[in-house]
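Encoded as structure tokens, the structure appears first; notes follow it.
Residue numbers run from 1 in the order of the sequence given.
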Amino acid sequence: MAAAGLVFSLSRLPSSTHGINRKFQPFLLTQTVAPSRVRALRCQATPDSSEPQEKLVVDNGSTSETSPASKEASSGFPESPNRDVNRRVAVASVVAALALFLSTRLDFGISLKDLTASALPYEEALSNGKPTVVEFYADWCEVCRELAPDVYKIEQQYKDKVNFVMLNVDNTKWEQELDEFGVEGIPHFAFLDRQGNEEGNVVGRLPRQYLVENVNALAAGKQSIPHARAVGQYSSAEARKVHQVTDPLSHG
């Protein structure tokens, strides 16, 4: 019975294998393909068969570059700034901040003692043939301390043409000069020509430009100064009586 069934099954097979060959026809590659170049697999039916057939699709290695503009448009976000530019901007900001900090520290670091140390003795200033700026001050004078950085800058700018003298009102050595120049408030700036004659005075806290213009007029040898009589906020010279000291060897 089994033999008869086998004969019957074989008898139902097609007499030709042509259909089988066409239906299961293998796909032959015409060139060698590296495994890494295989991009995808897809199914495709043969012309005379509705059944799909596996077929290899090989990447030919060509790539298309996308421009930065298209990348930006596709992503919706602008590209990040260049790191080198950021680094340079950061370094420049640090340098600028440091320079500002140092200049501020230098300004506030100037004291009345610094001005006194760099000032000329009063007697020498009256005898060297240069115009002179005499500042009457006191260590306890708040306005004097505030103006010290501005006075120092002006002195450094004009020190070759103009004498700068500092007289401490607490020193009894200068009682005659206090009366001569009529010092009632400090700081008191007296502006003297080349012969030692007073051209005018500025008292108290006033715009820095007042001092600059007066000193510039002295340095240029002009007959008068722009601000011959100007008074701002000052400390009363009467307070010197509480702080008076006797130091005839000091020019400050």
Side-chain angles (χ1 to χ4, degrees), residues 95-122 124-126 128 130-171 174 177-178 180-194 196-240 243 251-252:
V95 171
L98 181 60
L100 178 62
F101 173 77
L102 290 177
S103 63
T104 303
R105 292 289 296 176
L106 287 175
D107 282 351
F108 284 103
I110 299 299
S111 66
L112 293 173
K113 291 183 178 180
D114 296 326
L115 292 178
T116 302
S118 61
L120 285 177
Y122 182 57
E124 180 181 341
L126 294 180
N128 64 8
K130 294 181 181 180
T132 302
V133 177
V134 180
E135 179 183 354
F136 293 90
Y137 77 99
D139 292 333
W140 46 265
C141 173
E142 181 179 352
V143 180
C144 299
R145 292 196 299 265
E146 290 179 2
L147 295 181
D150 286 340
V151 175
Y152 179 79
K153 290 180 180 178
I154 297 171
E155 177 184 342
Q156 294 303 307
Q157 182 177 355
Y158 291 95
K159 63 182 180 180
D160 294 334
K161 299 179 180 179
V162 179
N163 302 315
F164 287 85
V165 176
M166 300 287 292
L167 300 184
N168 191 336
V169 298
D170 289 336
N171 192 338
W174 309 117
E177 284 71 23
L178 289 171
E180 179 182 348
F181 290 100
V183 177
E184 296 181 355
I186 54 175
H188 180 113
F189 298 91
F191 300 91
L192 314 181
D193 62 14
R194 298 178 187 276
N197 301 315
E198 184 180 20
E199 296 292 334
N201 58 72
V202 170
V203 180
R205 182 191 293 111
L206 288 166
R208 178 176 179 269
Q209 196 63 23
Y210 279 48
L211 296 178
V212 172
E213 292 176 356
N214 280 359
V215 173
N216 186 60
L218 288 180
K222 295 183 178 180
Q223 297 296 325
S224 61
I225 59 176
H227 311 284
R229 294 290 185 272
V231 179
Q233 183 180 357
Y234 62 87
S235 298
S236 175
E238 289 298 318
R240 68 188 177 88
H243 304 85
H251 70 269

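- Applying the salt bridge (charged side-chain N to carboxylate O under 4.0 Å, His left out) test to Glu177 and every residue at least two apart in sequence or in another chain returns nothing.
- Applying the salt bridge (charged side-chain N to carboxylate O under 4.0 Å, His left out) criterion to Arg194, with sequence neighbours excluded, gives no partner residue.
- Using a distance-only test at 3.5 Å, with no hydrogens or angles considered, no donor-acceptor pair links the side chain of Arg145 to the main chain of Ser111.
- Lys222 pairs by the side chain to side chain contact (heavy atoms under 4.5 Å, CB included) definition with Ala217, Ala220, not counting sequence neighbours.
- The 12-atom threshold is not exceeded at CD of Glu184, counting heavy atoms of other residues, nucleotides or ligands nearer than 6.0 Å.
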Pairs of donor and acceptor atoms involving the side chains of residues 224-236, under 3.5 Å and at least two apart or interchain, shall be tabulated with distances.
from	atom 1	to	atom 2	distance (Å)
His227	NE2	Glu213	OE1	2.6
Gln233	OE1	Arg205	NH1	2.5
Ser236	OG	Glu238	N	3.2

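- Residue Phe191 holds its CZ atom at 4.0 Å from CG of Asn214, rounded to the nearest 0.5 Å.
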Notebook entry, point to check: Which is it for Tyr122 and Leu167 under the side-chain contact (heavy atoms from CB on, under 4.5 Å) test, yes or no, and what are the steps along the way?
Noted result: CA-CA 8 Å; Tyr122 182 57; Leu167 300 184; 4.2 Å; yes
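- Taking CG from Leu211 and CZ from Phe189, the interatomic distance works out to 5.0 Å, rounded to the nearest 0.5 Å.
- The distance from atom SG of Cys144 to atom NE2 of His188, rounded to the nearest 0.5 Å, is 11.5 Å.
- The two residues Ala148 and Leu112 come nearest to each other via the heavy atoms CB-CD2, 4.3 Å.
- For the atom pair Ile186 CD1 and Asp170 CG, the distance stands at 7.0 Å (nearest 0.5 Å).
- For the residue pair Thr116 / Tyr137, a side-chain donor-acceptor distance below 3.5 Å is found, with atom types taken as modelled.
- Among residues two or more places apart in sequence or in another chain, the salt bridge (charged side-chain N to carboxylate O under 4.0 Å, His left out) test is passed with Asp150 by Arg208.
- Closest non-hydrogen pair, Val143 versus Pro187, comes out as CG1-CD, 3.6 Å.
- The shortest distance between side-chain heavy atoms of Asn201 and Val183 does not fall below 4.5 Å.
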Side-chain donor-acceptor pairs of residues 156-166 under 3.5 Å, sequence neighbours excluded:
from	atom 1	to	atom 2	distance (Å)
Gln156	OE1	Lys159	NZ	3.3
Tyr158	OH	Asn216	OD1	3.3
Asn163	OD1	Asn128	ND2	2.8
Asn163	ND2	Ala125	O	3.1
Asn163	ND2	Asn128	OD1	2.8
Asn163	ND2	Lys130	O	3.4
Asn163	ND2	Thr132	OG1	3.1

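- Rounded to the nearest 0.5 Å, atoms CD1 (Ile110) and CG (Leu147) are 13.5 Å apart.
- Across Asn168 and Trp174, no two heavy atoms sit closer than the pair O-CD1, 3.4 Å.
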